[in-house]
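Order of appearance sets the numbers: ligands from 1, and atoms from 1 within every ligand.
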Amino acid sequence: ASTLGAQAAASGRYFGTAVASGKLGDSTYSTILDREFNMITPENEMKWDTIEPSRGAFNFGPADQIVNHALAHGQQMRGHTTVWHNQLPGWVSSITDANTLRSVMDNHITTEISHFKGKIYAWDVVNEAFADGSSQHRSSVFQNVLGNGFIEEAFRTARAADPAAKLCYNDYNIENWTDAKTQGVYSMVRDFKARGVPIDCVGFQSHFGSGGPPASFQTTLSNFAALGVDVQLTELDIAQAPSAAYTNTVTACMRVARCAGITVWGIRDSDSWRSGESPLLFDGSGNKKAAYSAVLSALGTG
Ligand code: G3I
């Protein structure tokens with residue numbers, strides 16, 4: 001196949017990108033989006049500060065714009081993200097009463113996921129809850145006020161709101177198997193599966209340096225998959241976009257049957273949160289870079 005999405009689909013996978021609603025009117029951007037990608041993650045529009053800027057006041061406009069674009073162009077959606085310590089409004093982070101915060105968190109999850117019910121392939125229910133260099137949860141208002149159980153609470157609430165959506169835990173720096181953070185997330189997923197806490201997938205953000213993924217990346221993906229969850233590469237970008245680093249990343253996914261798909265974190269280098277590192281598959285003018293061809297051919301090895 002001659003596009004990323006079609007090539008991934010040939011092995012039953014998807015190939016997606018992060019999308020910013022404000023760029024949909026840029027025809028260079030939307031032409032590439034609709035030609036190459038069959039999965040979309042809103043880059044910011046489904047985060048708490050946009051969706052519920054003040055308590056009980058929900059703003060779905062920017063996210064709806066992206067979802068409507070996807071529906072009109074036959075693309076699926078990843079929901080990102082219901083519970084995260086960043087892009088969290090001050091009214092939430094200042095809550096100190098556990099009953100209040102639990103009800104606020106559950107209402108946020110229920111209202112957001114219900115709004116998009118039936119239109120989301122997978123939700124990043126909880127994002128980045130583990131601390132770097134540790135197998136423990138990081139400090140956050142959710143952790144500090146609700147305790148360890150907040151992640152389980154969030155997943156149970158999400159399942160009730162849209163039983164058909166896949167529910168993912170999403171994080172970065174969990175790609176190297178021996179890292180404490182990877183082991184912490186692995187233990188959580190193993191525990192959730194053992195106790196019947198609803199979880200269907202783990203998102204590996206995959207924000208890599210120019211060397212690409214750690215040598216153990218495929219091992220990490222298959223070890224998680226063996227717990228009975230899908231694995232997904234959810235925010236891929238690689239400093240300087242070396243072809244070899246992209247090839248190694250895509251190949252690791254292709255070799256794991258339950259690696260469901262790959263999402264790159266933006267279309268053109270100029271769209272990237274790390275644009276200074278030119279980490280994506282298209283240059284600022286929308287031309288395919290060498291890494292594009294590397295990814296297209298690695299996707300063909302499935
Ligand atoms: O929308 C405001 C705008 O009104 C304001 O004038 C402008 C001034 O700074 O800021 C705009 O908000 C920015 C927002 O992106 C939308 O452009 C924020 O400052 C900026 O912090 C925010 O950055 C996003 C970042 O998450 C925030 O944490 C990036 O676009 C987004 O790519 C990035 O994505 C995250 C994933 O969600 C989770 N994993 C890591 C990844 C990279 O940080």
Side-chain angles (χ1 to χ4, degrees), residues 16-26 29 33 37 39-54 57 59-67 77-90 92-93 108-109 112 116 120-133 137-142 151 154 167-176 179 181-182 185 201-209 213 231-239 241 249 261-282 284:
T17 183
V19 162
S21 57
K23 292 176 183 165
L24 288 172
D26 170 342
Y29 182 86
L33 171 63
F37 299 97
M39 183 70 73
I40 290 176
T41 307
E43 187 171 5
N44 290 295
E45 292 80 352
M46 289 186 177
K47 295 172 180 175
W48 199 314
D49 58 354
T50 298
I51 292 288
E52 193 184 8
S54 62
N59 164 40
F60 293 113
D64 282 342
Q65 210 189 321
I66 298 178
V67 173
M77 291 288 309
R78 297 190 77 267
H80 175 81
T81 171
T82 44
V83 178
W84 187 28
H85 62 278
N86 274 340
Q87 289 172 285
L88 185 66
V92 183
S93 47
H108 180 79
I109 294 169
E112 178 166 13
F116 297 109
I120 305 293
Y121 162 77
W123 274 101
D124 292 332
V125 177
V126 175
N127 192 43
E128 301 176 5
F130 280 71
D132 288 308
H137 297 173
R138 73 167 68 234
S139 172
S140 72
V141 68
F142 304 107
I151 302 182
L167 305 182
C168 300
Y169 176 77
N170 190 55
D171 214 330
Y172 65 92
N173 283 352
I174 57 167
E175 293 86 7
N176 185 30
D179 283 358
K181 188 173 175 183
T182 308
V185 174
C201 37
V202 174
F204 297 80
Q205 292 185 9
S206 307
H207 295 296
F208 294 135
V231 293
Q232 307 177 5
L233 279 49
T234 51
E235 304 181 13
L236 176 61
D237 50 23
I238 308 182
T249 305
I262 300 173
T263 295
V264 289
W265 205 240
I267 298 178
R268 303 161 299 195
D269 285 333
S270 50
D271 301 315
S272 173
W273 70 297
R274 45 195 302 213
S275 57
E277 298 177 289
S278 303
L280 295 174
L281 304 179
F282 295 86

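- Taking CG of Asp269 as the reference point, atom OG of Ser275 lies at 8.0 Å (rounded to 0.5 Å).
- When each of Asn127, Asp237, Thr263 is checked for a side chain to side chain donor-acceptor pair (under 3.5 Å) with Gln205, only Asn127 meets the rule.
- Taking every non-hydrogen atom of Asn127 and a distance limit under 4.0 Å, the qualifying atoms of ligand 1 come out as 38 (C).
- Checking side-chain atoms of His207 against main-chain N and O of Glu235 turns up a donor-acceptor pair under 3.5 Å.
- Using 4.0 Å as the threshold, Arg274 has no heavy atom nearer than that to any atom of ligand 1.
- Contacts between Trp84 and ligand 1, counted as non-hydrogen atom pairs separated by less than 4.0 Å, involve the side chain only.
- In Asn170, neither the side chain nor the backbone holds a heavy atom less than 4.0 Å from any atom of ligand 1.
- The atoms of ligand 1 that sit less than 4.0 Å from any heavy atom of His80 are 36 (C), 37 (O), 38 (C).
- Checking side-chain atoms of Tyr169 against main-chain N and O of Ala129 turns up a donor-acceptor pair under 3.5 Å.
- Under a 4.0 Å criterion applied to the non-hydrogen atoms of Gln205, ligand 1 contributes the atoms 39 (N), 40 (C).
- For atom 27 (C) of ligand 1, the closest non-hydrogen atom on the protein side is Gln87 OE1, 3.1 Å.
- The main-chain N or O of Tyr29 is found under 3.5 Å from a side-chain atom of Asp26 such that the two form a donor-acceptor pair.
- In this structure, Trp48 and His108 have parallel ring planes: the angle between them is below the 30° cut-off, well short of the 60° mark.
- Considering OG1 of Thr17 and CZ of Phe282, their distance stands at 9.0 Å, rounded to 0.5 Å.
- The protein non-hydrogen atom at the shortest distance from atom 15 (O) of ligand 1 is Asn44 ND2, 3.5 Å.
- At a distance under 4.0 Å, no protein heavy atom can be found next to atom 2 (C) of ligand 1.
- Distance remark: protein heavy atom not present below 4.0 angstrom from atom 21 (O) of ligand 1.
- Distance check for atom 12 (O) of ligand 1: every protein heavy atom is found at 4.0 Å or beyond.
- Atom 33 (C) of ligand 1 has as its closest protein heavy atom Lys47 NZ, 3.7 Å.
- Protein heavy atoms are found less than 4.0 angstrom from atom 24 (C) of ligand 1.
- The nearest non-hydrogen atom to atom 32 (O) of ligand 1, considering only Glu45, Met46, Glu43, Glu235, comes from Glu43.
- Contact annotation: the side chain of Pro42 approaches that of Met77 to within less than 4.5 Å [non-hydrogen atoms, C-beta and beyond].
- When distances from atom 40 (C) of ligand 1 to the protein are checked, a heavy atom turns up under 4.0 Å.
- Remark: atom 36 (C) of ligand 1 lies closer than 4.0 Å to at least one protein heavy atom.
- For atom 34 (O) of ligand 1, the closest non-hydrogen atom of the protein is Trp265 NE1, 3.2 Å.
- There is no protein heavy atom closer than 4.0 angstrom to atom 9 (O) of ligand 1.
- Looking at Glu175 and Ser206, their side chains come closer than 4.5 Å, going by heavy atoms from C-beta outward.
- With values rounded to the nearest 0.5 angstrom, Arg78 atom CZ is found 5.5 Å from Thr234 atom OG1.
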| query | Could you walk me through whether Phe142 and Val126 pass the side-chain contact (heavy atoms from CB on, under 4.5 Å) check? | reply | CA-CA 11 Å; Phe142 304 107; Val126 175; over 6 Å; no
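- Closer than 4.0 Å to atom 6 (O) of ligand 1 lies none of the heavy atoms of the protein.
- For the atom pair Ile40 CD1 and Tyr121 OH, the distance stands at 15.0 Å (nearest 0.5 Å).
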